[in-house]
Asks: 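Submitted below is the structure of interest, expressed as structure tokens.
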Amino acid sequence: MSKIEMYYATDPLCSFCWAFEPTLRKFRYQYASYISNDTTVMGGMIEKWEKFGGDSSNGIQSAADVAKHWREIGDFSRMVIDGRVWLDEPIDSSFPSSQAFQIVRRDYPEQAQAFLRKLRETVMVWNQDISKREVLAGILEEMGLDHEKILNDADSFEGRSLLNSDLGLARALTATGFPTLVLVNEQNQGVKVVGAQPYEALESALKQILGVEELIQTPVPSLDLVMKTTPFLMNREIEVLYNLEESEVPGFVDMIVGKENVQKGEVLGQNYYRRLTV
């Protein structure tokens, strides 16, 4: 079977990337057998808010515009985004969280994706400023990682150098917006998918880069197993993973994971599920 390398250019503060999570997760599960290397690339969306020139394509000139845009993306995708953090005080930068990701990936590679996920949950759903050291420390401590060492290393020359390597790779991939997926085959040919595209667009790109008409899917693991690595899931994510209707999810969770093992809640009109025992 031919293999590809997949590069995912993203940023912890990218609202479209949060909206894209259900689609990307399912794609990774179902087509892992085709992917020899799956690399997450930090794109450096906002180095300093005070120097950020805005995003005219999304009508963003001020922090209030970001809050409105985030809420719209959350409402449309049903991947909740609160957005009020931008009204309280603009998030200074996506670099501190991106540099912390670099050190976690270096020292705890098996925890890197879980850390990135928690960064997104913290800022998108729970409205906390992930540019602040104390917020990052809280996430790392919750994961059982050495937050003092990780954050000290992240703030050092090493942390910035590692991020600079990612920024250089993002430029080489011509990833100017996020999310961007770049699939590269064994002949070093590439296909790029830009934006929070539907699942069919990812399948089409994979077929194109492999030069095949049909793909062999690997079944998505049981929700019980998925929630051991991703203990917090929005209703929408479970719908996408298992082709369910919105109303079918609560009963499905109870049946597969067990009522006693899951905390159910609601935020901004959307249900979420948190596994209590991992």
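This is a predicted model, so every value here is computed, not measured. Residues take their numbers from the sequence shown, with the count starting at 1.
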Asks: How about E134: does its CD atom have over 12 heavy atoms from other parts shown lying under 6.0 Å from it?
Replies: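 Yes - once you tally the heavy atoms of other residues, nucleotides and ligands closer than 6.0 Å, there are more than 12.
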Asks: At their closest point, which heavy atom of V104 faces which heavy atom of A112, and how far apart are they?
Replies: CG1-CA, 3.9 Å
Asks: Any ion pair linking R171 and D166 (charged N to carboxylate O, less than 4.0 Å)?
Replies: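 Result for this pair is no, no salt bridge flagged.
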Asks: Spell out, as yes or no, whether a donor-acceptor pair under 3.5 Å connects the side chain of N271 to the backbone of E266.
Replies: no
Asks: Calculate, to the nearest 0.5 Å, the distance between atoms CG and CG belonging to N185 and L206 respectively.
Replies: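 If we round to the nearest 0.5 Å, N185:CG and L206:CG are 10.5 Å apart.
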Asks: Spell out, as yes or no, whether a donor-acceptor pair under 3.5 Å connects the side chain of S156 to the backbone of D153.
Replies: yes
Asks: Can you tell me if S94 uses its side chain to pair, donor with acceptor, with the backbone of G44 under 3.5 Å?
Replies: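 No; judged by distance alone, with no hydrogens or angles, the pair does not exist.
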Asks: According to the interplanar angle, ranging from 0 to 90°, do the rings of F20 and Y8 count as parallel (below 30°), tilted (30 to 60°) or perpendicular (above 60°)?
Replies: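 Ring orientation, 0 to 90° scale: tilted.
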Asks: Would the distance check show the side chain of Q270 and the main-chain N or O of V267 forming a donor-acceptor pair, the cut-off being under 3.5 Å?
Replies: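 No, the answer is negative, given that no donor and acceptor are paired below the 3.5 Å cut-off.
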Asks: Calculate, to the nearest 0.5 Å, the distance between atoms NZ and CG belonging to K259 and L276 respectively.
Replies: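 These two atoms lie 14.5 Å from each other.
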Asks: Evaluate the side-chain proximity of V193 to V182: yes if any heavy-atom separation is below 4.5 Å, no if none is.
Replies: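 When only atoms from C-beta onward are counted, V193 and V182 do not touch, as no gap falls below 4.5 Å.
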Asks: Could you tell me the separation between the CD1 atom of I35 and the CD1 atom of I4, rounded to the nearest 0.5 Å?
Replies: 5.0 Å
Asks: A side-chain contact here means heavy atoms from C-beta on lying under 4.5 Å apart; do D146 and Y108 qualify?
Replies: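 In contact.
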Asks: Would a single hydrophobic cluster contain both V66 and V135, if residues Ile, Leu, Val, Met, Phe, Trp and Tyr are joined by side-chain heavy-atom contacts under 4.5 Å?
Replies: yes
Asks: Heavy-atom count around N188 CG within 6.0 Å, excluding the residue itself: above 12?
Replies: no
Asks: Given K118 and E142, is the salt bridge (Lys or Arg N to Asp or Glu O under 4.0 Å) satisfied, shown in steps?
Replies: CA-CA 10 Å; K118 283 186 174 292; E142 181 185 340; 3.1 Å; yes
Asks: Answer yes or no: is there a donor N or O on one side and an acceptor on the other, between the side chain of R105 and the main chain of T40, under 3.5 Å?
Replies: yes
Asks: Do you know the tightest heavy-atom contact between S98 and D11?
Replies: OG-OD2, 4.2 Å
Asks: Please determine if E237 and R25 form a salt bridge, counting it only when a charged side-chain N lies under 4.0 Å from a carboxylate O.
Replies: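 A salt bridge links E237 with R25.
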Asks: Which atom pair, heavy atoms only, marks the closest approach of T10 to C17?
Replies: OG1-SG, 3.1 Å
Asks: Let me see the working for Y31 and L215 under side chain to side chain contact (heavy atoms under 4.5 Å, CB included), right down to the final yes or no.
Replies: CA-CA 8 Å; Y31 298 114; L215 298 169; 3.6 Å; yes
Asks: Can the ring centres of F16 and F178 be said to be less than 6.0 Å apart?
Replies: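 Ring-ring flag for F16/F178: false, centres at least 6.0 Å apart.
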Asks: So, R117 side chain and F232 main chain: donor-acceptor pair closer than 3.5 Å or not?
Replies: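 Flag set: sc R117 to bb F232 pair under 3.5 Å.
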Asks: Could you check if a side-chain atom of W49 sits within less than 4.5 angstrom of a side-chain atom of I91, using non-hydrogen atoms only?
Replies: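 No, too far: nothing below the 4.5 Å cut-off.
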Asks: What class does the angle between the rings of W86 and W70 fall in, given that below 30° is parallel, 30 to 60° is tilted and above 60° is perpendicular?
Replies: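 Taking W70 first and then W86, their aromatic rings stand perpendicular (interplane angle over 60°).
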Asks: Within this structure, what is the OG1-NZ distance for the pair T176 and K192, rounded to the nearest 0.5 Å?
Replies: 6.0 Å
Asks: Find out whether D82 and V125 are in side-chain contact, i.e. whether some heavy atom of one side chain is under 4.5 Å from a heavy atom of the other.
Replies: no
Asks: Set out, in order, the CA-CA distance, both residues' side-chain angles and the distance that settles salt bridge (Lys or Arg N to Asp or Glu O under 4.0 Å) for D75 and R71, then state yes or no.
Replies: CA-CA 6 Å; D75 290 346; R71 181 63 70 89; 5.1 Å; no
Asks: Can you confirm if the aromatic rings of W18 and F76 lie within a centre distance of less than 6.0 Å?
Replies: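 No - the distance between ring centres of F76 and W18 does not fall below the 6.0 Å cut-off.
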Asks: List the residues meeting ring-ring contact (aromatic ring centres under 6.0 Å, His included) with Y29, not counting sequence neighbours, and say none if there are none.
Replies: none
Asks: What's the spacing between I46 CD1 and S131 OG if we round to 0.5 Å?
Replies: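 Reported to 0.5 Å precision, the distance equals 9.5 Å.
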Asks: Would you compute the distance between atom CD1 of I130 and atom OG of S93 and round it to the nearest 0.5 angstrom?
Replies: 10.0 Å
Asks: In a check of side chain to side chain contact (heavy atoms under 4.5 Å, CB included) between V262 and each of V257, I256, L233, D254, which one passes?
Replies: V257
Asks: Does a side-chain N-to-carboxylate-O contact under 4.0 Å join K132 and D92?
Replies: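 Judged by the 4.0 Å cut-off on N to carboxylate O distance, K132 and D92 do not form a salt bridge.
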Asks: Take F115 and I139, measure what side chain to side chain contact (heavy atoms under 4.5 Å, CB included) needs, and give me the verdict at the end.
Replies: CA-CA 8 Å; F115 178 60; I139 297 171; 3.8 Å; yes
Asks: Taking atom types as modelled, find out whether Y7 and E5 have a side-chain donor-acceptor pair closer than 3.5 angstrom.
Replies: yes
Asks: For Q263 and Y273: C-alpha separation, side-chain torsions, deciding distance, then whether side chain to side chain contact (heavy atoms under 4.5 Å, CB included) applies.
Replies: CA-CA 6 Å; Q263 173 200 6; Y273 308 86; over 6 Å; no
Asks: Tell me, with the steps shown, if D65 and S62 meet side chain to side chain donor-acceptor pair (under 3.5 Å).
Replies: CA-CA 5 Å; D65 293 334; S62 69; 3.2 Å; yes
Asks: Please assess M6 against R28 for the test side chain to side chain contact (heavy atoms under 4.5 Å, CB included), listing each intermediate value before the final yes or no.
Replies: CA-CA 10 Å; M6 184 167 82; R28 280 171 160 158; 3.8 Å; yes
Asks: Using a strict cut-off of less than 4.0 Å between a Lys/Arg side-chain nitrogen and an Asp/Glu carboxylate oxygen, indicate whether E203 and K207 qualify as a salt bridge.
Replies: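 Here E203 does not pair with K207 in a salt bridge, since their nearest N and O are not under 4.0 Å apart.
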Asks: Are the side chains of V212 and Y34 in contact, using a 4.5 Å heavy-atom criterion?
Replies: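 A side-chain contact is absent here, since even the closest heavy-atom pair is not under 4.5 Å.
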Asks: Taking D155 first and then R160, would you say they form a salt bridge - that is, a charged N and a carboxylate O separated by under 4.0 Å?
Replies: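 No, D155 and R160 are not salt-bridged.
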Asks: Any Lys/Arg nitrogen of R84 or D88 sitting under 4.0 Å from an Asp/Glu carboxylate oxygen of the other?
Replies: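 Salt bridge flag = no for D88 with R84.
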Asks: I need the minimum non-hydrogen distance between G43 and A170, along with the two atoms involved.
Replies: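 That would be CA-CB, 4.5 Å.
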Asks: For the pair T180 (side chain) and A9 (backbone), establish whether a donor and an acceptor sit closer than 3.5 Å, ignoring hydrogens and angles.
Replies: no
Asks: Given side chains that start at C-beta, do those of M124 and V80 come closer than 4.5 Å, heavy atoms only?
Replies: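 Not in contact.
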Asks: If you apply the rule salt bridge (Lys or Arg N to Asp or Glu O under 4.0 Å), what do you find for D224 with R275, and how did you get there?
Replies: CA-CA 9 Å; D224 187 49; R275 188 181 178 109; 2.5 Å; yes
Asks: Are L116 and Q111 close enough that some pair of their side-chain heavy atoms sits under 4.5 Å apart?
Replies: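 A side-chain contact is absent here, since even the closest heavy-atom pair is not under 4.5 Å.
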Asks: Counting only N and O atoms by type, is there a donor-acceptor contact under 3.5 Å from the side chain of E186 to the main-chain atoms of K3?
Replies: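 Yes; at least one donor-acceptor contact below 3.5 Å.
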Asks: After noting the C-alpha distance and the side-chain angles of R236 and E246, does the key distance pass the salt bridge (Lys or Arg N to Asp or Glu O under 4.0 Å) rule?
Replies: CA-CA 7 Å; R236 178 60 183 162; E246 182 179 358; over 6 Å; no
Asks: Working note: R133 + N152, criterion side chain to side chain donor-acceptor pair (under 3.5 Å); need CA distance, chi angles, decisive distance, verdict.
Replies: CA-CA 10 Å; R133 185 181 177 98; N152 286 340; 2.8 Å; yes
Asks: Kindly give the heavy-atom pair with the smallest separation between V41 and L173, and that separation in Å.
Replies: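 It is CG2-CD1, 4.4 Å.
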Asks: Just checking, K26 and Y199: is the charged tip under 6.0 Å from the six-membered ring centre and within 45° of the axis?
Replies: yes
Asks: How about Q128 and V85: do any of their side-chain heavy atoms sit closer than 4.5 Å?
Replies: no
